[in-house]
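To keep things clear, I will list the structure first and then write my remarks on it.
So that the names make sense, note that chain A is the first sequence line, chain B the second, and so on, each numbered from 1. Heavy atoms only: backbone and side chains are in, while hydrogens, waters and symmetry mates are out.
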Amino acid sequence: MTETGRKAVLKASGLSKFFPGVRALDKVDFELAEGEIHALLGENGAGKSTLIKLVTGVYGRDEGTIQLAGEEVDPKDTTDAQRLGIGTVYQEVNLLPNLSVAENLFLGRQPMRFGLVDRKAMKARAKALLAEYNLHLDPAEPLSRFSVAVQQIIAIARAVDLSGRVLILDEPTASLDAGEVQVLFRIMRRLRDRGMGVVFVTHFLDQVYEVSDRITVLRNGRLVGTRETAELPRLELVSMMLGRELSAEALHRGGRREVAGEPLVSFKGFGKNRYVEPFDLEIRRGEVVGMAGLLGSGRTETAKLAFGIEQADSGEARVEGHPVKLQSPRDAIRLRFGYCPEDRKTEGIVGELSVRENIILALQARRGWLKPLPRREQEEIAGRYIKLLGIKTPDAERSIQFLSGGNQQKALLARWLATDPEFLILDEPTRGIDVGAHAEIIRLIERLCDDGLALLVISSEIEEIVSYSDRVVVLRDRRHVGSLSGDEVAMEPIMQTIAGA
Amino acid sequence: MNQRTFPLFVTAAVFALAYAFCLSRFPAFASTRVFANLLTDNAFLGIVAVGMTFVIISGGIDLSVGSVIAFTGVFLAIMIERVHVNPWLAFVMILIIAALFGAGMGAIIHFLRMPPFIVTLAGMFLARGMSFVLTADSIPINHPLYAQLNELVIRLPGGGRLTLIAVVMLLVFAGGIVLAHFTRFGSYVYALGGNRTSAELMGVPVASATIRIYVLSSVLAAVSGIVFSLYTSAGYSLAATGVELDTIAAVIIGGTLLTGGSGYVIGTFVGILIQGLIQTYITFDGTLSSWWTKIAIGILLFAFIALQRVVTMAWPMRRVQAA
């Protein structure tokens, strides 16, 4: 029995998982009751997906026990977990688009007649199954002909039909529109009312409050707590997730400035359907604009629109008052924009190339490949920035993959600084680097801004944003929900705006 | 008609057009005789193409089939003419050898995670090399059973003679259709070609399915080799060179997606008929070089690969309102 008096269908006790050098999950307890929708929340690296993978047998656990309806179980793989009664539906629908809907539902367990698949019976059963979800379609059609939302419902129907006790939905709403989300919620509620336990992983706080009964928050691989949704104020939830006490002292740069003058870059009604809602944003020379919000709130998406990686379908961008074309990163580079991406390993550095080659990459791209920079000039530029930013490398020819995270980050910064940018976007510039390098990067940001650069900095560390931003833009659920300046640039107002309290 | 069946309709339309053209030039194309010969002449190609269809739908490729046909012919010739084994026993022996050969390739592809292209390329050299080890000569097979089997024909109205090997091909096609659409194994083949990871997550026994796919292909190549030895009444280690490529061409022209996941056995049958039709036309014409067959096949192949690309990209998605 749970504390609330409902019967626990799934109970994980003291689950731990170690990866080399990391405790991905550290003695976490998790309890799912029958007939409840249980939201599982946490920022990147909190351990949500590790927990799910342990419960569904994708990973073997290092410590702890899993009980299903009171009996200890040990799922060996997803098929085994399914057989035991635990079904999972991922954000990327893991079905087969080239097979028919019916085959997707019954693959490997098709009804047989005289040793052959009874296609008629299979079709009829598929139709009946989907009718329970108010989905009336021809199950003989290939799955690829239906929208992601419909595919998701089909995946849920399959998972429920196969397992029937626990349904884990891993970010099911990420690619759905508002109407489709409501359909999904209706289905989740109906399954709950039938007595299933539903685990709902998401980043959207509004959805958590709309549909869940209880919330479990993880942070850094540890359990922060499990609470009744109705009794947990948003602000408290956000601080549980971000792990900052609201009384935390805000660090201040030598006085926040109201930067005056015409904006260097301005976006008006800039947005993309199903990506980021249209937003207005102005950044002046010498100004640092911080971007805060939870994971998945649309921060990186905003940066990608602003740098032309994704194409906006509404609004316009202006540089010094003149409308500009911003259809590709090449356009952006031509406008003297720079972008250091969040995931520097896959989107930033080219690991096999040397530090020098990584630094001159963007500059060379702007010149075009037909006009290579002379080797001597390359060495001079690389040498200059290695000294200027204090990049610790034996020499400029060292392959960049052997440098530490902080030094890779600095080399990435150098790449954009070498192009002499006017507007620079930094996405999580301090993620995954050690404390010393962290402070250096922050000082560097301040220096760049004093040199007259316009900066847009994204960070999950609110303290950090407070320390260097002149203004802060807050995002929630892919919407720009607030812009704070002056004294409002402090921990508490930012947290409150994130929580939407 | 939907995205999956569209290429099939195009294949059928191409065949109909080609047939109408041949008919307008040579009215004899309407005779059952021409048609029956077309089936007989392409029987060995059709049989091996059924196996290739499964392999390609599963996202793989089998380059070894031509060599397996040659090896089968040489093996049968040696066994029947030199070792004096009963031909039926020799047939059974070669089918077992081929099954083991296919199982080996499938196991290597699955367990060592090797690309099918490389593994079956190695298989191709191995089987061809083994045929040369057995003999480098062309050995005629004079066993009375061969003559008897070759005389088994169904006489069609209009003078056509439906031979045993043509009937075997038609049966293999019928079996292939049932296997593809009315067995769990068939759905696993399509699942593997759609997305291997998803298929595994959905509980498809990937290892056994992969092995069975290559066993099927090799066994059908051996059946094709038996048919080929009946057709030529000889075994020769240089026979059936490049047949694997003709087979792949027939499968693709038949509307199967080269990247896997989509295709029909019946489409392959039409693909074989199209190839046979072109050859027959060139024979009838008499002035054209036989290389025009290759040129026509090449053009068709290009057209179908381009068509598949266009269909995959342009086919509209159906929106179903979920209520």
Side-chain angles (χ1 to χ4, degrees), chain A residues 56 58 77-80 82-83 88 90 92-110 112-119 122 130 133-138 140-155 158 162 179-180 182-184 186-187, chain B residues 1-8 56-59 174-175 177-209 256-264 308 311-323:
Chain A
T56 54
V58 177
D77 52 39
T78 46
T79 321
D80 197 28
Q82 238 164 38
R83 202 177 41 73
T88 317
Y90 298 94
E92 305 294 329
V93 181
N94 266 311
L95 296 180
L96 292 158
N98 62 318
L99 296 191
S100 75
V101 172
E103 281 167 325
N104 267 291
L105 287 170
F106 296 110
L107 188 67
R109 52 190 187 112
Q110 292 103 324
M112 305 295 272
R113 196 157 164 260
F114 307 127
L116 296 177
V117 171
D118 188 348
R119 294 171 73 93
M122 181 165 82
L130 292 176
Y133 296 85
N134 274 335
L135 210 53
H136 301 283
L137 48 80
D138 180 1
E141 288 218 52
L143 184 78
S144 59
R145 302 200 59 183
F146 303 101
S147 69
V148 177
V150 171
Q151 293 188 22
Q152 196 120 49
I153 295 172
I154 293 168
R158 177 185 153 89
L162 270 170
E180 292 166 339
Q182 287 311 316
V183 173
L184 181 70
R186 267 205 293 282
I187 289 171
Chain B
M1 181 158 60
N2 61 36
Q3 187 182 353
R4 290 193 296 181
T5 50
F6 182 70
L8 189 58
I56 293 182
I57 290 174
S58 82
I177 290 168
V178 171
L179 194 61
H181 301 294
F182 294 94
T183 64
R184 286 188 183 160
F185 170 72
S187 66
Y188 296 158
V189 173
Y190 282 89
L192 279 179
N195 184 328
R196 198 181 167 282
T197 317
S198 292
E200 201 160 11
L201 280 176
M202 289 174 76
V204 171
V206 176
S208 84
T256 296
L257 205 58
L258 190 53
T259 47
S262 168
Y264 291 94
Q308 289 176 351
V311 169
T312 327
M313 288 191 300
W315 205 270
M317 198 152 84
R318 171 161 306 175
R319 292 233 149 228
V320 169
Q321 273 311 310

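- Open room surrounds CZ on R113(A); 12 or fewer heavy atoms of other groups in view lie less than 6.0 Å from it.
- Note: S262(B) OG to N98(A) CG = 7.0 Å, rounded to the nearest 0.5 Å.
- Of all heavy-atom pairs between N104(A) and M202(B), the closest is O-CE, 3.3 Å.
- Between S187(B) and E103(A), the shortest heavy-atom distance links the atoms CB-OE2, 4.5 Å.
- Taking OG1 of T183(B) as the reference point, atom CE of M112(A) lies at 7.0 Å (rounded to 0.5 Å).
- No side-chain donor-acceptor contact under 3.5 Å links R119(A) to the backbone of F182(B).
- Within the 4.5 angstrom heavy-atom criterion, no atom of T88(A) approaches chain B.
- When all heavy atoms of L95(A) and S198(B) are compared, the closest pair comes out as O-OG, 3.7 Å.
- When heavy atoms are compared at a cutoff of 4.5 Å, R158(A) approaches chain B solely by way of its side chain, counted from C-beta outward.
- The nearest pair of heavy atoms linking G203(B) to T79(A) is CA-OG1, 4.2 Å.
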